[in-house]
**Q** 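One structure coming up, written as structure tokens, with questions to follow.
By convention in this document, chain letters (A, B, ...) are assigned in the order of the sequence lines, proteins followed by strands, and residues within each chain are numbered from 1.
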Amino acid sequence: MTIPRKIIVTSALPYANGPIHIGHLVEYIQTDIWVRFQKLCGNQCLYFCADDTHGTPVMISARAAGIKPEELIERVHKEHKTVFDSFFVEFDNYYTTHSDENRQFSELFFKRLNEAGSIVKRTVEQAWCENCKMFLPDRYIRGTCPRCKAEDQYGDSCEVCGATYQTTDLLNPRCAACGSTPSRRKSEHYFFKLADFEKQLKKLIADEYTQKTVANKLDEWFKAGLKDWDISRDGPYFGFKIPGEENKFFYVWLDAPIGYMASAKNYCDTHGLDFERLWNSDEYELYHFIGKDIMYFHALFWPAMLIGAGFKTADKLFIHGFLTVNGEKMSKSRGTFIRADTWRKHLDPETLRYYYAGKLTGGIEDIDLSVDDFINRTNSNLVGKFANLASRSGPMLTKKLDSKIGRLDEGGKKLLNKLTAAKTQIVDDYENLNFASVVRTITALADEANRYVEQNQPWVTIKDDTETTRTTLTAVLNTVRVLTIYLKPILPKYAEKVEKFLNVGELKFEDVETVLENHTIGKFERLFNRIDKKQVNAMIEESKESKAPQVRTQTEPFAPECTIDDFAKIDMRIAKITKAEPVEGADKLLRLQLDLGGIEKNVFAGIAQAYKPDELVGKIVVCAANLKPRKMKFGLSEGMILAAGAGGKDIFILTADAGARPGQRVS
RNA sequence: GGCGGCGUAGCUCAGCUGGUUAGAGCAUGGGAUUCAUAAGCCCAGGGUCGUUGGUUCGAAUCCAACCGCCGCUACCA
């Protein structure tokens, strides 16, 4: 290992279909702490990430919002970046998978894998929605479970009885978007022959590519046999088109991990670095931080792709568990599905960083955010131990001793030695992602320092012995300095405040070895605020109100995109209702006579339960004027008037503002 | 169903390859202080280490079964 080390780090790419929540943040905070630690040690460490932008969900969401996917992902990208900034997650490059670099790499991977014979074509049969004009992934089909008859289940498995099945087995299948019954349609797909790489993958894992527990899990998958991986999707699909194909795209999971490289490449190009050296040589170490939910992709598919395409694989995967809140899965109804921006509105982001740090061990166990524990820990450690140490020493020195730090005596040196002696342990724990241990060590040292203050009673000595007091406070402020260095990867903002207050430059890990003597400090600034349970409750209350997005999903999804030409085919005109009468033998229909500027049309409208004939006469409405006339039981209907609503009494006719004249075209 | 992980004081967790009376932080009770964001310091109480067997001179630590919780079960992201 050369010194300084050169390290590339990635976090999993967040999906561009929704906001960042505190569960996501476990990973970004964990990674960021590690990256900051490396940088503070003087290593060159680059942290790359990006939005994962492709796939069906993004496409559907964009449709539902009535915008282009490109617009959606751009908006989400900004939101994500803002959140990361506010939590001090400092990427060297936060890019997007919808980039030229990523397209080029994706095509390169495909080409190389294809040439190496690692890709095969095979016909698969899938559900097709005629109305939405698209193939439906499992998640977009709903129906009745063939085993337990539970209704409204996904196309692959039942959430009630846990059965797994094919979408064809589902009773009453419906398209989740439009509700129509899907048909079956055959299509040719590309498959990546994962099994070809079994030997290399096994070797990789034997070489400690992952934690031990993960290796066990992977072993299970090896025993089950590695299967081919479907890497193409038929259009419409938001993603990269497969070269040489008209309507086939790379599956989002193919280009997502390639996004790590694209982000790195983009950084290299804008910073004058050689990508080939940075990404593909032994000069740089490479680590991926991921959650255990995407182990399969990062421990099997991704390294296999890299090997097959002639790239080096990562040195290690750092896998973490999920977040639970108060011991349970995050829940919208309980208000524990807390978005990052909501947290920030109510609480200091660094308190979350500190809490997570105190829980993270480098293992894959889930970590729990217990609200009471969180409040206690924040108040007791951040305020009671660290901030208190500074605030019981700094202001006294400023007020009574001209802000001047003096020299350490034997007692002070002994205390400081205790703190610096912990450096090896702390560095080791940081390196091994055992941040919980780091925090335990640091808090114990802070206890030590607080005890020192107690023993030397500067508030007593200040009365008649200023220089002894100065010596005591010198020691205490030096402990503040060292503790701050240790905490800096976890609490960057806090460290910045302390640096300002101590009137020193940017502290690094090696500064632990030196002491601050004969130095004038700056003005003390409040470092942390005590948390009141009310703040947390308010945050949870607000998170419960996340009914807004649910309303959005209740809105009927938009029909497939149409062009302005399609739209222009329908000739909509302003019409005046000149006559309205009930239709004998029909209780829903009214016969309307419309004036379209001199031209009369006879229209039957199914609005009898919502409107009385009398109240309609004279109304200015909108009429689809070129609709093919339809012969009905009661006569010929020559058009259609526009209305909204669910039907029955719930119908609302569209009218025009005053000034619109019969016959005018609506556009 | 199969597989994996977890189950240690009120809470959150540490306990590496088995070895004297099982640890930490927080919370709780008591005490002495008052520089400090009612923070800090000292002392104390509190656990049959999920259950039952087994291996061993000796197990929270290894093995088996069972109970409980969680997750994975690949073309969902």
**Q** Between B:rA14 and B:rG25, how many Å separate the two P atoms, rounded to a whole number?
**A** 16 Å
**Q** Rounded to whole angstroms, how far apart are CD1 on A:Ile319 and C1' on B:rG4?
**A** 13 Å
**Q** Counting only Watson-Crick pairs (N1-N3 plus N6-O4 or O6-N4) and G-U wobbles (N1-O2, O6-N3), all under 3.5 Å, who is the partner of B:rG18?
**A** none
**Q** Report the residue from A:His80, A:His98, A:His77 that forms a side-chain hydrogen bond (donor to acceptor under 3.5 Å, both in side chains) with A:Asp51.
**A** A:His80
**Q** Taking the C1' atom in each of B:rU48 and B:rG5, what is the distance between them to the nearest angstrom?
**A** 25 Å
**Q** With rounding to the closest Å, how many angstrom separate the C1' atoms on B:rG4 and B:rG40?
**A** 46 Å
**Q** Do A:Thr469 and A:Thr461 have a side chain donor and acceptor closer than 3.5 Å?
**A** yes
**Q** Which part of the nucleic acid does A:Thr443 contact within heavy-atom distance under 4.0 Å: base, sugar-phosphate only, or nothing?
**A** nothing
**Q** Does A:Thr361 reach a base, just sugar-phosphate, or nothing at all? Heavy atoms under 4.0 Å.
**A** sugar-phosphate
**Q** Quick one: label A:Asp230 by what it contacts on the DNA or RNA (base, sugar-phosphate, nothing), any heavy atom closer than 4.0 Å.
**A** base
**Q** Above 12 or not: heavy atoms from other molecules or residues under 6.0 Å from NZ of A:Lys400?
**A** no
**Q** Please measure how far the C1' atom in B:rC72 lies from the corresponding atom in B:rC13, and state the result in whole Å.
**A** 25 Å
**Q** Determine, for A:Lys186 against A:Asp234, whether the closest basic-nitrogen to carboxylate-oxygen distance falls under 4.0 angstrom.
**A** no
**Q** What is the separation between atom CZ on A:Arg470 and atom C1' on B:rC35, rounded to the nearest whole Å?
**A** 16 Å
**Q** Please determine, for B:rA59, whether a Watson-Crick or G-U wobble partner exists with both distances under 3.5 Å, and give it or none.
**A** none
**Q** Salt bridge or not between A:Lys533 and A:Asp372? Use side-chain N to carboxylate O under 4.0 Å.
**A** yes
**Q** Base, sugar-phosphate or nothing for A:Arg440? Non-hydrogen atoms, less than 4.0 Å.
**A** sugar-phosphate
**Q** Once you round to the nearest 0.5 Å, how far does OG of A:Ser370 lie from NZ of A:Lys359?
**A** 6.5 Å
**Q** Does any nucleotide pair with B:rC13 by Watson-Crick or G-U wobble geometry, both distances under 3.5 Å, and what is it?
**A** B:rG23
**Q** Sticking with atom C1', work out how far B:rA60 lies from B:rG23, rounded to a whole angstrom.
**A** 12 Å
**Q** Could you give the CD-to-C1' distance, from A:Gln457 to B:rA32, as a whole number of Å?
**A** 11 Å
**Q** Across the strands shown, which category fits A:Tyr251 at heavy-atom distances under 4.0 angstrom: base, sugar-phosphate, nothing?
**A** sugar-phosphate
**Q** A:Phe374 near the nucleic acid: base, sugar-phosphate alone, or nothing, with a heavy-atom cut-off under 4.0 Å?
**A** nothing
**Q** Taking pairing as Watson-Crick or G-U wobble with both contacts under 3.5 Å, can you name the mate of B:rG2, or confirm there isn't one?
**A** B:rC72
**Q** Using the P atom on both, measure B:rU8 against B:rC70 and round to a whole Å.
**A** 15 Å
**Q** Now, which nucleotide makes the Watson-Crick or G-U wobble pair with B:rA65, with each of the two distances under 3.5 Å?
**A** B:rU51
**Q** Do A:Glu454 side-chain and B:rG40 base share a donor-acceptor contact under 3.5 Å?
**A** yes
**Q** How far, in whole Å, is B:rU56 from B:rG18 if one measures between their C1' atoms?
**A** 9 Å
**Q** Tell me what A:Asp228 touches on the nucleic acid: a base, only sugar-phosphate, or nothing, going by heavy atoms under 4.0 Å.
**A** base
**Q** Considering only the P atoms, how many Å lie between B:rU61 and B:rU52, rounded to the nearest integer?
**A** 13 Å
**Q** Reckon A:Arg451 touches a base, only the sugar-phosphate, or nothing at all at heavy-atom distances under 4.0 Å?
**A** sugar-phosphate
**Q** Look at all strands and tell whether A:Gly55 reaches a base, only sugar-phosphate, or nothing, counting heavy atoms closer than 4.0 Å.
**A** nothing
**Q** With a 4.0 Å cut-off on heavy atoms, is A:Val252 in touch with a base, just the backbone sugar-phosphate, or nothing at all?
**A** sugar-phosphate
**Q** Between A:Glu27 and A:His320, do the side chains contain a donor N or O and an acceptor N or O under 3.5 Å apart?
**A** yes
